[in-house]
Protein chains: 2
Amino acid sequence: MKSYRTFPAGTEILWRGEPLEYVASVVSGVASLSKTLEDGRTQMVGLLLPSDFIGRPGRNRIEFDVTATTDVTLCCFARTPFEALVLDTPHVAQRLMELALDELDAARDWMLLLGRKTAREKIATFLDMLARRSQMTMTEGAGMANGAALYLPMTRDQIANYLGLTLETVSRQFSAFKREGIIDVPDRRRVLVINLDRLQIATGDDADGGVVA
Amino acid sequence: MKSYRTFPAGTEILWRGEPLEYVASVVSGVASLSKTLEDGRTQMVGLLLPSDFIGRPGRNRIEFDVTATTDVTLCCFARTPFEALVLDTPHVAQRLMELALDELDAARDWMLLLGRKTAREKIATFLDMLARRSQMTMTEGAGMANGAALYLPMTRDQIANYLGLTLETVSRQFSAFKREGIIDVPDRRRVLVINLDRLQIATGDDADGGVVA
DNA sequence: CGGGCCATTGACTTAGGTCAATCTGCGTGG
DNA sequence: CCACGCAGATTGACCTAAGTCAATGGCCCG
């Protein structure tokens, strides 16, 4: 009933509309959800990190593609027994509900970003999000002053698709933040945040960091 | 335990962060969810129509403002007894889960619109969405050929905030569709769709209308 | 050493935002 | 009853952020 599957970076995990045989949770790596218009423009609509869940009780198809951004390992369960499990165990159902509501909040923050933020604000928000995430993972004792080393799990092109920009604009904004001394970019996959305060100001969000709350 | 409340058009139903005493469902009218940046730019992140639900089991505050777009009547329940109800009755919990997943799908479609569609495509998608909705409400026997009379529940400014545009751009795109004979705008609150096929082509979506599926 | 593949940078174009003038109803009070 | 005023809508002229197109650069891997 339970099995592990791995997908190399860049491969498709699920196609839009394909019937779902499994539900799964991400064990390691990063996967992305994306939607595409007829003419090929695409928009990422979600990022799946370890512990995130794929699949929807009571639905057997999804409305977007799921792609492995880095190498990904999933832990898969057959759908039917899983649904039976959900029906008997209320607190599993409740947990799934919470996950869905968290995703919904994240999706709404992203709508504000996509609809109203400038390119600069989008990049700042993206980096700030990664910084907060990595901070969560690390020792959360004292508030680790100012700055963090971030790993970018995606190419410029993928970042652009996530933020509703082009890859050139992403690159230019990285360069701008670097020129201003807010970040450093030692190699294409790494960003060193030199001045987190200034980065957060550049996000355009409320000073108190309402996004995470 | 159950009570009705009404809110005149334009008033706030809930403020972001305010503790939720009630959960509610919309009886009549249209309400909107919106998020605002420090400097006042705002983005609507959802529309609530009759039968939609406000409130989240297991959370007592929301991350956005809820505003009455038209006059709105809500049917409210106190939160604590409602949560107890949800816990004992699995199929209520399941129904809420489905609502959350529907909202999530809608949010993701909107992310594609906000991130990648042109102004023209945004307006076409908006009108097409209203047309599909009103079609659902009406006699759904035969597929009502081509065309429909739509009521706009919002001002140009609110439409702009929904679509991530400015009100001037909304107005210009309405005028463009009118000039092309695709719609007519007899008064500010009404739109007559003259050629639904051409409108749907202008949305940029897949020909088969994947959005609704 | 050579060839992809990303990424960066520059020059140029353009969709949509901004600012401002005018128009259209509609409710209100003289 | 009418004129006034106001809120929303339209339209035009202009500007700019970001997209497009194209050349170049660095890096990893065979």
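Every chain is numbered from 1 and lettered A, B, ... according to where its sequence line falls, protein lines coming before strand lines. Model, not experiment: these values are computed from the prediction.
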Which nucleotide wins on minimum distance to the side chain of B:Thr166, given the candidates D:dA18, C:dG17, C:dA7? C:dG17

Roughly, in whole Å, what's the span from CD in B:Gln158 to C1' in D:dG8? 11 Å

Length of the line joining A:Met154:CE and C:dA7:C1', which is rounded to integer Å: 16 Å

Counting just side-chain N and O atoms, does A:Thr169 come under 4.0 Å of either OP1 or OP2 of D:dG19? yes

From CZ of A:Phe177 over to P of C:dT9, roughly how many Å is that when rounded to an integer? 15 Å

Options D:dA22, D:dA18, C:dA7, nucleotide nearest the side-chain atoms of A:Ala119: D:dA18

Where the side chain of B:Glu168 is concerned, which of C:dA20, D:dT20, D:dA9 is the nearest nucleotide? C:dA20

Is A:Leu167 touching bases, backbone alone, or none of the nucleic acid, heavy atoms closer than 4.0 Å? base

Specify the closest pair of heavy atoms between B:Gln173 and B:Ile123, including all atoms of both residues, with the distance to one decimal. CB-CG1, 3.6 Å

Under 4.0 Å, heavy atoms only, any strand: does A:Gly164 hit a base, just the sugar-phosphate, or nothing? sugar-phosphate

Report yes or no: is there a donor-acceptor pair, N or O only, under 3.5 Å between the side chain of A:Arg172 and the base of D:dT20? yes

When B:Thr203, B:Leu112, B:Asp109 are each screened for side-chain contact (heavy atoms from CB on, under 4.5 Å) with B:Thr125, the one that passes is B:Thr203

Would you kindly give the CG-to-P distance between B:Leu165 and D:dA9, to the nearest whole Å? 15 Å

Both B:Arg189 and A:Arg120 contact DNA chain D. Taking the nearest nucleotide for each, which residue is further toward the 5' end? B:Arg189

Measure from the ring center of A:Phe82 to the ring center of A:Phe53 and say whether it is less than 6.0 Å. yes

Check every strand shown and say whether A:Arg188 touches a base, only sugar-phosphate, or nothing at a heavy-atom separation below 4.0 Å. base

Does the pair A:Arg16/A:Glu63 count as a salt bridge with the N-to-O cut at 4.0 Å? yes

Check whether the ring centres of A:Phe126 and A:Phe177 lie less than 6.0 Å apart, and answer yes or no. no

What is the separation between atom CG on B:Asp39 and atom C1' on C:dG17, rounded to the nearest whole Å? 14 Å

Below 4.0 angstrom from OP1 or OP2 of C:dT9, is there any side-chain N or O of A:Ser171? no

Please tell me which of A:Phe174 and A:Arg116 maps to the more 5' nucleotide of DNA chain C, matching each residue to the nucleotide holding its nearest heavy atom. A:Phe174

Output the rounded distance in Å from CG (A:Leu152) to C1' (C:dA7). 12 Å

Which of the following nucleotides, D:dG8, D:dA18, D:dT11, is nearest to the side chain of B:Thr155? D:dG8

Report the distance from atom NZ of B:Lys122 to atom C1' of C:dG17, rounded to the nearest whole Å. 12 Å

Return the value, rounded to whole Å, for the distance between atom CZ of B:Arg156 and atom C1' of C:dG16. 18 Å

